[in-house]
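Worksheet: one structure, shown below.
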Amino acid sequence: MHAIKDIIKRIHSLVPKDRRIRIMNVCGSHEHTIAFSGMRSVMPGNLELIPGPGCPVCVCPESDIINAINLSNRDDVILVTYGDMLRVPSKEGSIRSQGGNFKMITSPFEAINTAKSNPGKKIVFFSIGFETTTAPTAAILETGVPDNLFILSSHRLTPTIMEVLVKDSDIGIDGFIAPGHVSAIVGSDAWDVFPEKYGIPAVVAGFEADNLLLGIAHILGQLSGDKVKTGNVYAGVVKPEGNVQAQKIMDKYFEVADVNWRGIGHVPGSGLELRDEYSGRDARKVFELQEVKESKIPGCICGSIILGKAYPSSCKLFKEVCTPKTPKGPCMVSMEGACNIRYKTN
Ligand code: SF4
């Protein structure tokens, strides 16, 4: 256990004095710890800790939300999904405000129970999130699901979107704090592309403040040295190869697809759809869902915030109009959303 004071001292000694350094996290829980611990206030003035696209409900496309609302309004359907997803606004409202038959679940296994206890209904599991939530969705498929359960997959791939961000020179990322939970599935080796191809360190960190600080010090140490590589300060949980069994079942049921990210747009190869062999489970195919054109929420700059190009405080609606009780954009809904976090720590 490293003393927090010592790590902060080390961070100050390592940060280059002659330029701005921007380190991005891509995990809502990391942003949560950074904000609630007051970490930014003890960082050197030229070191920016920027939140990236780490909030799953924030990046879920509006089209999928509208399709979910429409499905829940069918008499023969019960839509099940995670609590935050019910509240995310779209041009048609949220699932909670506009939907008909919907149920909040906390685990995919509850979707199975809902299907079993409602044999006369079609249960659609609106399954969203990064690799961390894809693995449990694949797990229920592997254990076997009732005939009346269908999946509306809105899963996204973290390494792919991080590569998009690195290539955007307007963002200017000097290093990544790689997400601990996602890394437990994909493995720390999944981030090798950043040092090897882009010369940017990526260090896996856990969720306690001291571990995150250690990750930041690790990144700065690499930037001030002559070798950049993947690091892992969460090695008790994250292995280089990740959870191979979970990767196998994810690969069995899902294939990589070109998809939209809310606020970011179309990103080739950045999502997961059910493979053709499982099209009978795929709500998009079974219910012949169509893509709905994304709209822009007037005044909301969530897209720029997700990309690390703006902070919530730059939004004119922040706090005055948009609050956790009255969210105007997706970043204010979840406790992993940058606006929600900033609202609660401001
Ligand atoms: Fe969007 Fe609300 Fe955040 Fe503004 S404060 S960017 S409206 S979510």
Side-chain angles (χ1 to χ4, degrees), residues 22 24-36 38-41 48-66 68-69 81-99 104 126 128-130 154 156 158 161-162 164-165 168 170-173 179 259-267 292-346:
R22 304 189 89 218
M24 177 179 268
N25 73 73
V26 282
C27 168
S29 300
H30 278 164
E31 178 57 20
H32 202 264
T33 301
I34 288 169
F36 278 86
M39 198 178 288
R40 287 190 175 93
S41 65
E48 254 186 283
L49 302 178
I50 48 174
C55 158
V57 304
C58 301
V59 298
C60 181
E62 188 181 37
S63 178
D64 286 354
I65 298 171
I66 293 170
I69 292 171
T81 191
Y82 304 115
D84 285 340
M85 205 56 243
L86 296 172
R87 299 180 55 237
V88 179
S90 75
K91 64 183 169 198
E92 308 282 340
S94 66
I95 298 169
R96 186 173 284 287
S97 68
Q98 303 298 318
M104 186 191 96
F126 184 17
I128 63 119
F130 303 109
S154 197
R156 296 292 176 265
T158 316
I161 200 64
M162 284 164 67
V164 171
L165 302 181
D168 187 336
D170 288 348
I171 306 173
I173 297 166
V259 293
N260 275 324
W261 292 60
R262 195 169 194 181
I264 296 178
H266 186 76
V267 182
V292 182
K293 199 170 176 299
E294 296 277 314
S295 68
K296 195 156 171 24
I297 302 165
C300 177
I301 59 163
C302 219
S304 300
I305 293 168
I306 287 166
L307 287 168
K309 294 181 177 178
Y311 286 104
S313 50
S314 314
C315 175
K316 290 195 176 83
L317 307 183
F318 179 68
K319 242 179 164 182
E320 302 305 321
V321 180
C322 183
T323 71
K325 281 196 176 144
T326 58
K328 300 296 172 206
C331 297
M332 189 56 94
V333 174
S334 157
M335 58 183 275
E336 294 187 294
C339 296
N340 181 295
I341 294 169
R342 181 59 70 93
Y343 183 93
K344 290 175 177 160
T345 53
N346 222 12

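What's counted below: heavy atoms across the whole structure, side chains too, no hydrogens, waters or symmetry copies. Atoms within a ligand are numbered from 1 in the order they appear, just like the ligands themselves.
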Search all heavy atoms of Cys27 against all heavy atoms of Pro179 and return the closest pair with its distance. CB-CB, 3.8 Å
I'd like to know: is atom 4 (Fe) of ligand 1 within the 2.8 Å range of an N/O/S atom from Cys339, strictly under that distance? no
Please write down residue, atom name and distance for the protein heavy atom closest to atom 2 (Fe) of ligand 1. Cys322 SG, 2.4 Å
Is the Cys331 SG less than 2.5 Å from the Cys55 SG? no
Check each atom of ligand 1 against the heavy atoms of Ile305 and keep those under 4.0 Å away; list them by number with element. 6 (S)
Under 4.0 Å, heavy atoms only, figure out whether ligand 1 is touched by the backbone of Ile297, its side chain, both or neither. neither
Closest contact, heavy atoms only, Gly308 versus Arg22: O-NH2, 3.1 Å
Side chains of Lys309 and Asp168, heavy atoms from C-beta outward: is any pair under 4.5 Å? yes
May I ask you to list the atoms of ligand 1 that are less than 4.0 angstrom from any heavy atom of Ile301? 6 (S)
Any side-chain to backbone donor/acceptor pair from Thr33 onto Ser29? Under 3.5 Å, distance only. yes
Any idea which atoms of ligand 1 are less than 4.0 Å away from a heavy-atom of Met332? 8 (S)
Give a yes/no verdict on whether any heavy atom in Gly299 is under 4.0 Å from an atom of ligand 1. no
Quick check on contacts: which atoms of ligand 1 are under 4.0 angstrom from a heavy atom of Gly329? 1 (Fe), 8 (S)
Worked verdict on Ser63 versus Glu294 for side chain to side chain donor-acceptor pair (under 3.5 Å): CA-CA 6 Å; Ser63 178; Glu294 296 277 314; 5.2 Å; no
Nearest to atom 4 (Fe) of ligand 1, what protein heavy atom do you find, and at what distance? Cys315 SG, 2.2 Å
Is there an N/O/S atom in Cys300 at a distance below 2.8 Å from atom 3 (Fe) of ligand 1? no
Under a 3.5 Å distance rule, please check whether Glu62 uses its side chain to pair with a backbone N or O of Lys91 as donor and acceptor. yes
